[in-house]
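Whatever order the structure lists them in is the order used to number ligands and atoms, beginning at 1. All of these numbers come straight from a predicted model, not from anything done at the bench.
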Amino acid sequence: MAATTYDAIIIGTGQAGPTLAVRLAGAGMKAAIVERKLFGGTCVNNGCIPTKALIASAHAAHIARRAAEYGVAIDGSIAIDMKKVKERKDAIVRRSSEGLENWLKSTENLTVYEGHARFEDAHRVRVNNELIEADKFFINVGARANVPPMPGLGQVRYLTNSSMMDVDFLPEHLIIVGGSYVGLEFGQMYRRFGSEVTVVEMGPRLIHREDEDVSQAVQEILENEGINIRLNAECIAMEKHGDKVAINLDCSSGDKKVLGSHLLLAVGRVPNTNDLGLENTGITVDQRGYIQVDDQLRTNVPGIYALGDCNGRGAFTHTSYNDYEIVAANLLDNDARRVSDRITAYALYIDPPLGRAGMTEGQVRKSGRKALLGTRPMTRVGRAVEKGETQGFMKILVDGETKEILGASLLGVECDEVIHSILDVMYAKAPYTVIQRAMHIHPTVSELIPTMLGELAPLDAKKGQPGA
Ligand SMILES: Cc1cc2nc3c(=O)[nH]c(=O)nc-3n(C[C@H](O)[C@H](O)[C@H](O)COP(=O)(O)OP(=O)(O)OC[C@H]3O[C@@H](n4cnc5c(N)ncnc54)[C@H](O)[C@@H]3O)c2cc1C
């Protein structure tokens, strides 16, 4: 069968592929993009956008329950209509996904294929029964929920972040295996909707990549809302128990069995690279299936690039989009942008959120450099007090010699936004004194960042509680 020839083929419509496809087509290339399922991939359909829409509903419920604290009387009980919650989420997702699909389908020079793409060799891909070929490929196939072979998992029904999107009822007791970013967002959300929630984590603390004081503060926030947290659950096993699911735990304390109505697995992600025919191309993947790329996102096979979660260089929408920017800059703008230019940045969208930039305190300590630390509990942030949202704390680390900011962990109301003032100064490689001397607006959470920077102390002298 003769192949249709393109200048460039993009596989996957995640957070890098679509914009890159439109850029390449706009630059005069004959381009094609292939999507096997939902336009917009994880972020749009079962990741960032729907979870943040659901979190907004959960937040509304939470504030409604706290209304009396603000002097607001609600006559009657607070009820959650899960069908409406899902409808609202679906409408937001639909707008985004359909908007993207229409954009791609109406772009000149760009052909959209709907089907699973599989490499026949390093220049040809089969989609459905068609062969398409190009000298340039951009792989943006993303990742999916990891389903590890846990004992008993085959006997029980379980949910992942994808199937959670179809839930339009209130689980009586949601057990979440995995105490990291995805699990905690769903956990707080469903607790606020009214479910009993138990988070089961194998490790000794939640979100283990963060500093211990951050993990501890997040645990307290969740426990204050009545979420059960079971740590050190080393030997997790599932069991069918009538119409319920039982999780057997080997925790150092607490019951050895938890009985729930529903089970959500949130134990990491695996790249969608096992069914892409990569073995026919010679592209190198690591042991976990992530495609190996260089600093400009080139694989070891000339002309083939990998962007987004499938390259293991990031696991966020903004890292995937930044991958697009790097590839486009190098290919079209003669601008040698690189992955290593970027600074770690992300948020955990529990309420209050955690905004992160750069190194953790643990990483700074390990690096052995002379550093300064500034901290402030949210109870000493006027705007947080006025809003009645004083949980959490902020901390920032500065290089004692260069005065550059090394990292920050901001856990508190609005901190997913506040972190950007720190991030931008880090990108500017400017000393922290730039923020310290900037006049910030009152009353905001951001106005306390200069104050915190004015109270830096040597990291080695740190004692006591977070934010103390
Ligand atoms: C519950 C959850 C919440 C999240 N929240 C956030 C957040 O708040 N902020 C954030 O930055 N990130 C968040 N993320 C991560 C974020 O969703 C991903 O990092 C982001 O979607 C980037 O993905 P991507 O561009 O690599 O590809 P994806 O978005 O995963 O898209 C890949 C696309 O490729 C398609 N595809 C795969 N294989 C083939 C094939 N062989 N042929 C054709 N098409 C194929 C898939 O169908 C899919 O549409 C969240 C993730 C989850 C699971």
N/O of [X] under 3.5 Å from N/O of ligand 1, yes or no?
{"X": "Asn272", "result": "no"}
{"X": "Thr42", "result": "yes"}
{"X": "Phe316", "result": "yes"}
{"X": "Thr51", "result": "no"}
{"X": "Asn161", "result": "no"}
{"X": "Asn46", "result": "no"}
{"X": "Tyr349", "result": "no"}

Does the distance from a Lys or Arg side-chain N to an Asp or Glu carboxylate O, for Glu114 and Lys105, drop under 4.0 Å?
yes
Correct closest heavy-atom pair for Leu100 and Phe39 would be CD2-C, 3.8 Å
Can you tell which of [options] gets a heavy atom nearest to [atom]?
{"atom": "atom 15 (C) of ligand 1", "options": "Ala345, Cys43, Ala315", "value": "Ala315"}
{"atom": "atom 40 (C) of ligand 1", "options": "Ser162, Ser97, Ala117", "value": "Ala117"}
{"atom": "atom 46 (C) of ligand 1", "options": "Glu35, Arg118, Met164", "value": "Glu35"}
{"atom": "atom 52 (C) of ligand 1", "options": "Gly12, Gly277, Gly47", "value": "Gly47"}

Applying a 4.0 Å heavy-atom criterion (strictly less than), which segment of [X] is in contact with ligand 1: side chain, backbone, both, or neither?
{"X": "Ser320", "result": "side chain"}
{"X": "Ala143", "result": "backbone"}
{"X": "Leu38", "result": "backbone"}

Are any of the heavy atoms in [X] under 4.0 Å away from ligand 1?
{"X": "Val127", "answer": "no"}
{"X": "Arg144", "answer": "no"}
{"X": "Lys52", "answer": "yes"}
{"X": "Gly115", "answer": "yes"}

Find out whether Val125 and Glu120 are in side-chain contact, i.e. whether some heavy atom of one side chain is under 4.5 Å from a heavy atom of the other.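 Heavy-atom side-chain distance check fails, nothing below 4.5 Å.
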query: Heavy atoms, side chains only, cut-off 4.5 Å: are His262 and Leu159 in contact?
result: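 His262 vs Leu159: side chains touch.
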* Asked: In a check of side-chain contact (heavy atoms from CB on, under 4.5 Å) between Leu331 and each of Lys136, Arg23, Gln296, which one passes?
  ->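 Considering Lys136, Arg23, Gln296, a side-chain contact (heavy atoms from CB on, under 4.5 Å) with Leu331 is found only for Lys136.
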- Query: Which atoms of ligand 1 sit under 4.0 Å from any heavy atom of Gly142?
  - Reply: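 Here the atoms of ligand 1 in question are 26 (O), 27 (O), 28 (P), 30 (O), 32 (C).
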Counting only heavy atoms not in Arg288 (residues, nucleotides, ligands), do more than 12 fall under 6.0 Å from its CZ?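 Result for CZ/Arg288: open.
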**Message:** Does Glu212, at its CD atom, have more than 12 non-hydrogen atoms belonging to other residues, nucleotides or ligands within less than 6.0 Å?
**Reply:** no
Query raised in the report: Which of parallel (below 30°), tilted (30 to 60°) and perpendicular (above 60°) describes His62 and His59?
Result: tilted
